[in-house]
Amino acid sequence: MYEYLSYSTLPPLQTLTQDLSVHVVAATMATSGAKQTPKLVSKTSAGGTGASGAPPVIPLASPLMGKKKKPFLGMPAPLGYVPGLGRGATGFTTRSDIGPARDANDPVDDRHAPPGKRTVGDQMKKNQDDDDEDLNDTNYDEFNGYAGSLFSSGPYEKDDEEADAIYAALDKRMDERRKERRELREKEEIEKYRMERPKIQQQFSDLKRKLAEVSEEEWLSIPEVGDARNKRQRNPRFEKLTPVPDSFFSKHLQTGENHTSVDPLQGLGGLNTPYPGSMTPGTGDLDMRKIGQARNTLMDMRLSQVSDSVSGQTVVDPKGYLTDLNSMIPTYGGDISDIKKARLLLKSVRETNPHHPPAWIASARLEEVTGKLQVARNLIMKGTEMCPKSEDVWLEAARLQPGDTAKAVVAQAVRHLPQSVRIYIRAAELETDIRAKKRVLRKALENVSKSVRLWKTSVELEEPEDARIMLSRAVECCPTSVELWLALAHLETYENARRVLNKARENIPTDRHIWITAAKLEEANGNTQMVEKIIDRAITSLRANGVEINREQWIQDAEECDKAGSVATCQAVIRAVIGIGIEEEDRKHTWMEDSDSCVAHGALECARAIYAHALQVFPSKKSVWLRAAYFEKNHGTRESLEALLQRAVAHCPKAEVLWLMGAKSKWLAEDVPAARSILALAFQANPNSEEIWLAAVKLESENNEYERARRLLAKARSSAPTARVFMKSVKLEWVLGNIEAAQELCTEALKHYEDFPKLWMMRGQIEEQCESMDKAREAYNQGLKKCPHSVPLWLLLSRLEERVGQLTRARAILEKARLKNSQSPELWLESVRLEFRAGLKNIANTLMAKALQECPNSGILWAEAVFLEARPQRKTKSVDALKKCEHDPHVLLAVAKLFWSERKITKAREWFLRTVKIEPDLGDAWALFYKFELQHGTEEQQEEVRKRCENAEPRHGELWCAESKHVLNWQKKTGEILMQVASKIKNTF
């Protein structure tokens with residue numbers, strides 16, 4: 001239905017006509033630009049007509065008539081101008097603008113609209129919902145305001161667009177300022193997240209790598225995974241087949257002679273067998289014996305084809321066997337459609353660009369992989385026709401063809417490519433006879449005389465004399481090949497080799513290997529004085545020719561000379577290049593690193609040369625002398641060590657350790673007078689040195705010169721009194737059995753050094769040895785008043801109380817000790833062991849948990865915790881221990897003992913070796929390792945462990961110190977103590 005405006009709501013006719021005239025005039029002037037006012041005629045719209053039927057003419061009373069034209073006429077309307085808006089005439093909207101009226105339930109034009117949009121009312125409701133903004137309180141945020149835009153329904157004007165652009169530019173600028181910081185923070189957060197929550201693949205990566213170390217025995221010893229299915233699923237009952245006896249068949253053949261029906265297969269005439277493979281019914285008995293004989297005969301025929309019945313040896317046709325093997329090419333296991341696609345693509349490449357060699361090679365290899373070797377050969381031969389100048393195609397054809405055909409292919413390739421070295425090499429490889437190889441290579445050298453590879457291959461096939469002749473010709477053809485010159489020099493005599501190397505230097509003035517070879521030549525012939533000159537001249541000549549002296553390369557050359565036995569050459573090279581390119585303040589540090597690197601590479605002479613040069617530059621550096629002395633001790637001889645130490649004490653007379661090393665070397669060589677003379681010289685250089693006094697006392701006491709040792713100690717107490725001197729005096733009297741003298745000396749010492757805990761410990765132990773428990777307790781208590789932070793004193797007192805049966809007092813002493821010495825793992829360990837020895841395992845476990853909370857990184861606590869667990873939980877506990885204390889020797893030793901208890905001998909040995917490598921000073925590790933080798937190792941392995949222990953001279957360890965510091969073992973050597981400790985170890989773990 002159309003809606004009509006009522007006449008009562010219209011403005012007067014005159015107003016309408018005037019308004020219409022204004023609009024028409026404005027529009028006409030805007031479009032045509034006319035300067036005169038047009039004449040307009042208005043018709044009445046009310047239906048009134050004159051008598052003649054013509055409408056009356058009404059003059060337009062326009063305000064524009066007779067007036068000057070306005071200045072805005074002819075100009076474009078301003079932005080947002082709506083004609084007639086000021087008078088309320090905003091235009092008219094008809095049904096032609098908005099479409100026909102439709103009911104809310106009418107369906108929309110889209111038949112397949114989703115639910116909720118299938119009617120006009122649904123879509124109108126949706127549009128209304130979109131227009132209405134959600135101003136609910138739940139949609140309001142204090143910082144961001146409402147979730148949607150409050151002004152989204154308003155007009156988007158030009159100033160809004162400009163403001164949005166400015167804000168966007170500001171946001172972009174601020175984002176760029178913080179971009180790097182934000183990206184760095186995000187990267188750190190991602191890394192932290194990945195560390196805290198690694199993927200399952202990352203968690204098992206280390207275990208996957210360790211699978212490479214699993215032996216076949218360990219793999220087979222892994223138990224099978226249990227089957228969770230029920231019994232019926234695990235044990236399905238298969239169909240049982242019972243073999244039928246022959247009598248069954250014969251009986252039924254006899255009973256089946258008469259038939260009452262005609263078989264359809266017999267309707268065609270003749271007697272056809274009803275069932276394939278069976279006899280015609282009614283033919284009589286089936287002779288099973290003849291069938292068995294026929295089967296045996298057939299089997300004998302097959303066996304006779306592959307075996308000799310006389311000798312039992314296999315007789316195989318070699319040609320047929322090789323042909324069968326040649327046909328057994330591994331077939332491609334992928335999808336057949338992929339092969340077809342690849343074949344189609346390669347065919348397209350060949351047809352598009354037939355002179356492209358890789359296309360032919362790829363096509364041939366595809367056919368080879370899929371098992372079509374003949375097709376591959378045909379393709380590659382077609383490729384040689386299309387690309388006769390391609391070396392790769394010819395080589396691929398020679399590879400795919402069999403022996404004689406390959407030779408023909410290579411001969412054809414040589415005709416097309418007479419300068420190809422690779423084809424000649426391939427031709428020589430195809431020949432089986434040495435003379436044929438030589439003939440091919442000589443033919444190749446006639447065509448390609450500049451090829452170093454051909455000369456080297458050819459020389460390798462010749463005898464030394466012929467090789468020398470060929471090399472003399474080779475260096476003429478290839479004068480820039482260092483390898484050929486050096487090979488010729490090796491084959492020549494001394495004089496000729498010198499001439500050859502001189503010619504090589506003239507032809508190749510920039511190569512260092514020629515100079516080094518010349519130096520090695522002179523050294524090999526006894527002219528060691530020329531070696532230094534040649535190396536110095538080499539450095540000068542190479543610099544003159546613009547060659548940069550690379551220090552690392554020269555040191556590597558020196559190491560190679562060392563390994564080849566050219567000691568003088570390697571030392572000369574080291575002296576020449578060791579100082580090149582190093583700042584003055586970095587020399588010592590760099591040279592020490594170089595020496596360590598040479599030792600690691602096995603170049604001991606290079607390291608010795610580096611130390612010698614460093615000692616010339618730094619003669620008063622005690623640290624350099626010490627490192628050189630340790631190097632000689634580990635890798636040199638006793639004579640070289642003593643010679644070095646003599647020079648060392650001459651340059652550093654105040655270095656006590658150098659004097660002591662010299663004296664000990666003499667003492668170990670059983671040269672006691674020389675050791676005494678060295679210590680006498682040390683006394684002159686260091687008159688009041690405690691270390692030298694005590695070393696002299698040890699030397700005399702070890703050689704049973706007790707009176708001399710007593711006099712030395714008395715002299716030391718008067719001239720250089722220290723707590724250690726008094727302690728050694730007490731110890732000497734104690735071990736010699738003079739208890740009263742020891743007690744008197746101890747009392748005198750405590751008057752001067754009452755804060756020295758070892759004196760209190762010795763006093764208490766002497767009283768314990770005399771069975772005076774009360775005096776021992778008193779000594780320990782007095783010592784703890786003076787030295788409350790001495791953990792060994794607390795331990796001795798608690799063990800004393802435990803020994804006399806006062807378990808409660810021992811427990812109280814340890815608790816008091818833990819209060820005064822917090823975070824002391826030794827005290828916690830003793831508390832745990834006290835409860836364990838008392839049989840209170842639950843209390844021991846509780847104490848261990850508290851101890852690990854207070855000292856989470858203590859190796860001795862974790863090592864004890866592993867064996868406090870039940871046997872199934874020990875491996876898990878050891879993993880936790882390794883996570884907390886990865887490089888602690890006590891934890892590594894506990895893991896080794898764990899593998900030992902599980903009879904995993906190889907792994908246990910690996911962990912013992914790792915332990916003694918990390919901490920060679922731990923005597924318990926050496927004792928356990930030696931005990932392990934006594935049970936599971938060979939005599940060589942036992943001897944190796946003992947020698948390594950003697951060289952390491954361990955001094956620490958609970959079991960070790962209990963034996964080494966016992967008064968009865970004071971003169972025993974390291975090897976004897978090792979055996980004694982190992983004999984007392986029991987495999988209770």
Side-chain angles (χ1 to χ4, degrees), residues 679 688-788 790-804 923 955-956 958-974 976-977 980:
L679 288 175
N688 292 322
S689 170
E690 175 189 284
E691 293 291 338
I692 295 176
W693 277 111
L694 295 180
V697 170
K698 184 176 182 181
L699 177 67
E700 300 301 340
S701 61
E702 291 286 344
N703 290 281
N704 300 326
E705 297 286 346
Y706 305 128
E707 290 302 323
R708 192 187 292 247
R710 282 194 180 103
R711 288 198 299 270
L712 282 172
L713 283 169
K715 197 173 181 181
R717 289 197 300 272
S718 60
S719 61
T722 62
R724 283 191 68 204
V725 170
F726 273 99
M727 184 189 74
K728 292 293 182 183
S729 302
V730 175
K731 181 72 178 289
L732 180 64
E733 299 298 337
W734 184 15
V735 297
L736 292 176
N738 300 325
I739 303 297
E740 294 180 0
Q743 289 175 336
E744 290 175 2
L745 281 171
C746 192
T747 305
E748 182 185 353
L750 286 172
K751 292 177 183 177
H752 300 89
Y753 306 101
E754 60 180 10
D755 57 345
F756 191 64
K758 287 190 177 181
L759 291 171
W760 293 107
M761 283 188 260
M762 292 176 73
R763 183 173 182 177
Q765 287 173 333
I766 291 172
E767 296 296 344
E768 279 191 60
Q769 186 177 343
C770 297
E771 300 295 333
S772 300
M773 298 301 177
D774 294 334
K775 291 183 179 180
R777 186 183 293 114
E778 183 183 356
Y780 292 143
N781 284 320
Q782 288 179 358
L784 286 172
K785 290 177 183 177
K786 303 294 182 182
C787 313
S790 174
V791 173
L793 265 176
W794 288 105
L795 296 178
L796 286 170
L797 181 57
S798 72
R799 287 169 186 169
L800 174 65
E801 299 295 350
E802 184 184 3
R803 198 175 300 118
V804 298
R955 297 181 180 276
H956 295 91
E958 187 178 3
L959 302 173
W960 186 270
C961 291
E963 293 297 323
S964 64
K965 293 189 177 182
H966 197 280
V967 291
L968 300 178
N969 303 327
W970 70 284
Q971 279 188 315
K972 289 187 177 180
K973 300 287 189 290
T974 304
E976 297 172 346
I977 295 174
Q980 194 166 340

Drop me the distance from S790's OG to L796's CG, to the nearest 0.5 angstrom. 8.5 Å
Just checking, any donor-acceptor pair under 3.5 angstrom between side chains of W734 and Q765? no
Can you see which heavy atom on R717 is nearest to which on P721, and at what distance? O-CB, 3.1 Å
Exercise: identify the closest heavy-atom pair between L793 and P757: CD1-CB, 4.2 Å
Quick one: do E963 and K972 make a salt bridge, cutoff under 4.0 Å? no
To the nearest 0.5 angstrom, please state how far the OG1 atom of T722 sits from the NZ atom of K728. 11.0 Å
To check you understand the geometry: which heavy-atom pair defines the closest contact between R955 and C961, and what is its length? O-SG, 3.4 Å
Between R763 and E778, is there a side-chain N and carboxylate O pair less than 4.0 Å apart? no
Test side-chain contact (heavy atoms from CB on, under 4.5 Å) applied to V735 and L968, V967, N969, the passing residue: V967
If you measure from CG on N738 to CD on E740, what distance do you get to the nearest 0.5 Å? 9.0 Å
CD1-CD distance between I739 and Q769, expressed to the nearest 0.5 angstrom: 5.0 Å
Angle class for the Y706/W970 ring planes (parallel below 30°, perpendicular above 60°, tilted otherwise)? tilted
Between R724 and E691, does a salt bridge (charged side-chain N to carboxylate O under 4.0 Å, His left out) hold up when you go through it step by step? CA-CA 10 Å; R724 283 191 68 204; E691 293 291 338; 3.0 Å; yes
Is there a donor-acceptor pair under 3.5 Å between the side chain of W760 and the backbone N or O of N781? no
Check A709 against V697 and note the closest heavy-atom contact, atom names and distance. CB-O, 4.0 Å
Once you round to the nearest 0.5 Å, how far does CE of M727 lie from CE of M761? 9.5 Å
Quick one: do K786 and L750 satisfy side chain to side chain contact (heavy atoms under 4.5 Å, CB included)? Show the steps, please. CA-CA 11 Å; K786 303 294 182 182; L750 286 172; over 6 Å; no
Of the non-hydrogen atoms in Q743 and I766, which two are nearest, and what is the gap between them? NE2-CG2, 3.8 Å
Between SG on residue C787 and NZ on residue K758, distance to nearest 0.5 Å: 12.5 Å
Do Y780 and E767 have side-chain N/O donor and acceptor atoms under 3.5 Å apart? no
Can you tell whether the side chains of R710 and E707 come within less than 4.0 Å, N to carboxylate O? yes
Return the minimal non-hydrogen interatomic distance between L713 and V725, and the atom names on each side. CD2-O, 4.1 Å
